[in-house]
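This structure is in structure tokens; I'll ask about it shortly.
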Amino acid sequence: MWKRLPFRLRGYLITMTGVLLLSPDALLVKDTQVDVATFMFWRGLLLGGVLLAIAALRYGRALPAALRACGPAIWWCPLAFAGSAWAFVIGNRLTSAGNVLVMMNLAPLVAGLIGLLCFGQRLRRQTWVVIGICVTGASLMAAGEVGQGSLLGLAVALFVPAAIAINTTVASVQKGDRQRGVDTTVVLPLGCLAMLLPAIPLGGVQLPSADDMQRIALMGLLLPAAYFLIQTGPRYLPGAEVSLVMLLETLVGTLLVWAWLGEVPTLLAFVGGGLIVAAMLLSGLRDLYRQRRKAAAGAPDAQRLQQKLAEQESAAEAGEATGHGEPGSERH
């Protein structure tokens, strides 16, 4: 069933699942009283330990080769991952949450521009329209909380969407096999290392209170799966579309705060959330309609043909390696 789904739909489902797991993060951060350095040290340590264990279990001795296969992403993605985490926390301390959210909502737009200008990665007109609608909706959701804040806080918050865009776009342009991009989830432990190292000279190596440690430990259980799935998204989607799906965190996070803390969203929040859901739902339905119409007209499924060709070539290479058959005989 999973293999029958279009690659784009797989990417959306994977990323959406990761965003849903990430959504409670804002609640846990808000309810933690430790200073920024201590918070980032323990967050990076616990998150990195789990992600490293996952990578080691998946690749074993092939892990160094998997890291080398990431190319430039082995440097850019960890630094961007750590930078977005630090900027998000510091930005929330220096300015209002609404300002940070508005800045974060620029991520899909920034990712689209980086992909186009730096890597020649073109997006469909439909995607640009959906990005515009969702950025508008997410900004409306945050409008009720926007405050003036400090210029430094706004500058730090502006780094969040830039870092997210760099991570998702660089990950999506790395060339993998014919079906998917490179698996850049293996660089996430390096991102966690880059996250916790600056906290050491800032005095972050200290034990939080028991209550705060419980919340940080809970993050260490939820966030590895969330970040693993979100980082997998660029294997199937352009970075701008991954960043677009991440806007759902604003919607789901708002609903969680409403449900758990009783903070009723504003009318603008409901309007903005409705725009996000409607835009992404209509876009998905339009894609499915176009795919079914092409299939009904007898058009071949390019993804199926590509997958079949890759399987035939893999079988041919396996035959050559074992000395059975002529090279390419598997293709007839």
Side-chain angles (χ1 to χ4, degrees), residues 7-19 22 70-88 91 100-139 141-142 155-176 180-185 187-188 191 226-251 275-276 279-280 283-284 287:
F7 267 61
R8 183 177 296 275
L9 180 56
R10 292 190 213 179
Y12 272 99
L13 292 176
I14 290 171
T15 309
M16 284 180 181
T17 303
V19 171
L22 184 64
C70 293
I74 196 174
W75 303 106
W76 288 103
C77 289
L79 292 175
F81 177 76
S84 65
W86 273 92
F88 178 76
V100 178
L101 286 174
V102 169
M103 294 299 182
M104 284 183 63
N105 296 335
L106 296 175
L109 178 60
V110 176
L113 293 175
I114 291 176
L116 177 63
L117 298 177
C118 299
F119 302 103
Q121 191 178 52
R122 298 184 178 275
L123 300 177
R124 302 176 301 166
R125 182 182 302 175
Q126 174 181 323
T127 301
W128 283 112
V129 172
V130 174
I131 286 175
I133 295 174
C134 288
V135 168
T136 301
S139 298
M141 293 188 67
V156 173
L158 185 59
F159 186 76
V160 178
I164 292 174
I166 291 171
N167 182 17
T168 57
T169 304
V170 172
S172 69
V173 298
Q174 304 307 311
K175 302 299 183 183
R180 297 180 295 181
V182 170
D183 180 14
T184 58
T185 62
V187 306
L188 288 177
Y227 285 123
F228 178 87
L229 292 171
I230 292 172
Q231 195 72 26
T232 301
R235 301 188 70 186
Y236 299 85
L237 298 170
E241 295 193 32
V242 175
S243 299
L244 178 64
V245 178
M246 291 184 68
L247 291 183
L248 289 175
E249 183 184 0
T250 303
L251 173 60
L275 281 176
I276 293 174
M280 299 193 72
S283 177
D287 284 343

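The shown structure was predicted, so the numbers you read here are calculated from the model rather than taken from an experiment.
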Distance from Arg235 atom CZ to Thr15 atom OG1, nearest 0.5 Å? 12.0 Å

Taken to the nearest 0.5 Å, the spacing of Phe228 CZ from Thr17 OG1 works out to 12.5 Å

Which heavy atom of Val160 sits nearest to which heavy atom of Phe88, and what is that distance? CG2-N, 3.6 Å

If you round to the nearest 0.5 Å, how far is CH2 of Trp128 from CG of Leu109? 6.0 Å

With a cut-off of 3.5 Å and sequence neighbours excluded, list every side-chain donor-acceptor pair involving residues 79-87.
residue	atom	partner	partner atom	Å
Ser84	OG	Ala80	O	3.3
Ser84	OG	Phe81	O	2.9
Trp86	NE1	Met195	O	2.8

Any side-chain heavy atom of Pro72 within less than 4.5 Å of one from Gln174? yes

Looking only at heavy atoms, what is the nearest atom pair of Cys70 and Val187, with distance? SG-CG1, 3.8 Å

Can you list everything that forms a side chain to side chain contact (heavy atoms under 4.5 Å, CB included) with Thr127? Sequence neighbours excluded, please. Leu123, Arg124, Ile131, Glu241

Applying side chain to side chain donor-acceptor pair (under 3.5 Å) as the test, list every pair that has at least one member in residues 108-120; sequence neighbours left out. none

Identify the heavy atoms of Gly233 and Val242 that sit nearest to each other, and give their distance. C-CG2, 3.7 Å

Ala226 and Gly18: which non-hydrogen atoms are nearest, and at how many Å? CB-O, 3.4 Å

Of Leu22, Ile14, Val245, Thr185, the residue whose pairing with Ile230 passes side-chain contact (heavy atoms from CB on, under 4.5 Å): Leu22

Under 3.5 Å, sequence neighbours excluded: what are the donor-acceptor pairs made by side chains of residues 161-168?
residue	atom	partner	partner atom	Å
Asn167	OD1	Gln231	NE2	3.1
Asn167	ND2	Gln231	OE1	3.2
Thr168	OG1	Ile164	O	3.1
Thr168	OG1	Ala165	O	3.3
Thr168	OG1	Gly239	O	3.3
Thr168	OG1	Ser243	OG	3.2

So how far is it from Thr232 OG1 to Leu237 CG, rounded to the nearest 0.5 Å? 11.0 Å

Counting C-beta onward and ignoring hydrogens, is there a side-chain heavy-atom pair between Leu188 and Pro78 closer than 4.5 Å? no

